[in-house]
Amino acid sequence: MNLQSTTTLNNGVKMPRVGLGVYKMEEGSDVKEAVLSAIDIGYRSIDTASFYKNEEGVGQAIKETSVPREELFVTTKVWNDEQGYEETLAAFDRSMEKLGLEYLDLYLIHWPVPGKYKDTWKALEKLYKDGKVKAIGVSNFLEHHLEDLLEDAVIKPVVDQVELHPRLAEPALRDFCTQRDIKVEAWSPLARGKYFDDEVLQNLAEKYGKTPAQIILRWDVQHGIITIPKSTKSHRQKENADIFDFELTSEEMKQIDELNTGERNGPHPDEFDYNT
Ligand SMILES: NC(=O)c1ccc[n+]([C@@H]2O[C@H](COP(=O)([O-])OP(=O)(O)OC[C@H]3O[C@@H](n4cnc5c(N)ncnc54)[C@H](OP(=O)(O)O)[C@@H]3O)[C@@H](O)[C@H]2O)c1
């Protein structure tokens with residue numbers, strides 16, 4: 001396996017197992033340079049969202065790189081106040097205009113806005129059937145949201161992108177998704193560095209001559225979790241990609257699994273303030 005290794009989604013589309021998250025990267029040259037740096041290192045998957053307000057810079061990087069479009073995998077998401085059938089179709093057009101792309105690889109519902117996400121899903125199904133997006137999925141969906149969506153969905157989501165790191169390992173949600181052939185994708189996989197001083201991670205880092213960030217990302221990959229660490233810095237992008245020359249034993253995987261306390265750093269999807 002390497003940085004360009006892919007996993008096959010339930011519709012046959014191949015998605016890189018490791019990608020670059022761009023949340024909080026500034027629109028314009030900051031995000032453009034960070035994406036160009038990542039592509040140069042070998043990243044092929046970029047995760048943005050209309051909410052991040054940096055789709056233009058992402059698009060600019062895609063335009064400027066010599067890596068062909070079809071070798072890249074671009075994800076964006078429809079934000080909460082853009083949800084609903086017609087609204088989502090319009091939001092998609094706005095995102096595509098900013099990205100400057102002919103097609104998108106993956107379009108996600110950013111959060112399960114109550115009363116809206118089913119209509120939003122219908123719009124995603126239309127975009128998929130029209131060939132404008134290669135795959136459609138969801139984010140921040142719990143089991144009950146997925147169950148509800150699957151009741152009327154014609155097309156199954158390919159991924160559920162959720163907050164996931166050793167302290168929030170989501171074993172039940174992962175099992176639920178595995179049984180339905182939905183891939184789990186980790187957002188904030190590094191928990192923004194919050195647990196790097198954990199003893200288990202420190203000991204494994206020392207054993208393998210790696211950093212706690214690399215141990216966590218390797219744990220993701222070995223669990224089959226798609227992961228999208230964010231860094232604006234080339235040296236950290238390189239570090240986060242350098243996880244393919246060692247393997248955690250099953251005992252070590254278990255030690256990391258046991259760090260799970262269910263602690264969230266982001267909002268709980270059922271408690272999110274959907275009115276703001
Ligand atoms: N669907 C959703 O609701 C949702 C929510 C949040 C995030 N996301 C996606 O998930 C991506 C990743 O999550 P995230 O950005 O929240 O957090 P993250 O990837 O867990 O952590 C990023 C933070 O850690 C730092 N960092 C990165 N690599 C490091 C390393 N090797 N050593 C030390 N520090 C390191 C970064 O700083 P520097 O940049 O300064 O290196 C940044 O402050 C986002 O960018 C976004 O694409 C999705």
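Numbering of ligands and ligand atoms starts at 1, following listing order.
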Novice: Show your reasoning for whether side chain to side chain donor-acceptor pair (under 3.5 Å) applies to Tyr52 and Lys77.
Specialist: CA-CA 9 Å; Tyr52 304 167; Lys77 316 182 190 85; 3.0 Å; yes

Novice: At less than 4.0 angstrom from any atom of ligand 1, which residues have a non-hydrogen atom? List them by chain and residue number.
Specialist: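 For ligand 1, the residues that come within the 4.0 Å heavy-atom cutoff are Gly21, Val22, Tyr23, Asp47, Tyr52, Lys77, His110, Trp111, Ser139, Asn140, Gln161, Trp187, Ser188, Pro189, Leu190, Ala191, Arg192, Phe196, Ala213, Ile228, Pro229, Lys230, Ser231, Thr232, Lys233, Arg236, Glu239, Asn240.
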
Novice: Any chance you could lay out the side-chain contact (heavy atoms from CB on, under 4.5 Å) test for Ile215 and Phe246, step after step, and finish with the verdict?
Specialist: CA-CA 10 Å; Ile215 298 295; Phe246 73 109; 3.9 Å; yes

Novice: Is the shortest side-chain N to carboxylate O distance from Arg69 to Asp105 below 4.0 Å?
Specialist: yes

Novice: Have a look at Asp220 and tell me which of Leu164, Val18, Ile226 forms a side-chain contact (heavy atoms from CB on, under 4.5 Å) with it.
Specialist: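 Checked Leu164, Val18, Ile226 against Asp220; only one passes side-chain contact (heavy atoms from CB on, under 4.5 Å): Leu164.
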
Novice: Testing the 3.5 Å rule here: is there a donor-acceptor pair between the side chains of Tyr23 and Asn54?
Specialist: no

Novice: Would you call Asp130-Lys126 a salt bridge at under 4.0 Å N-O?
Specialist: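 Yes, charged N to carboxylate O under 4.0 Å.
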
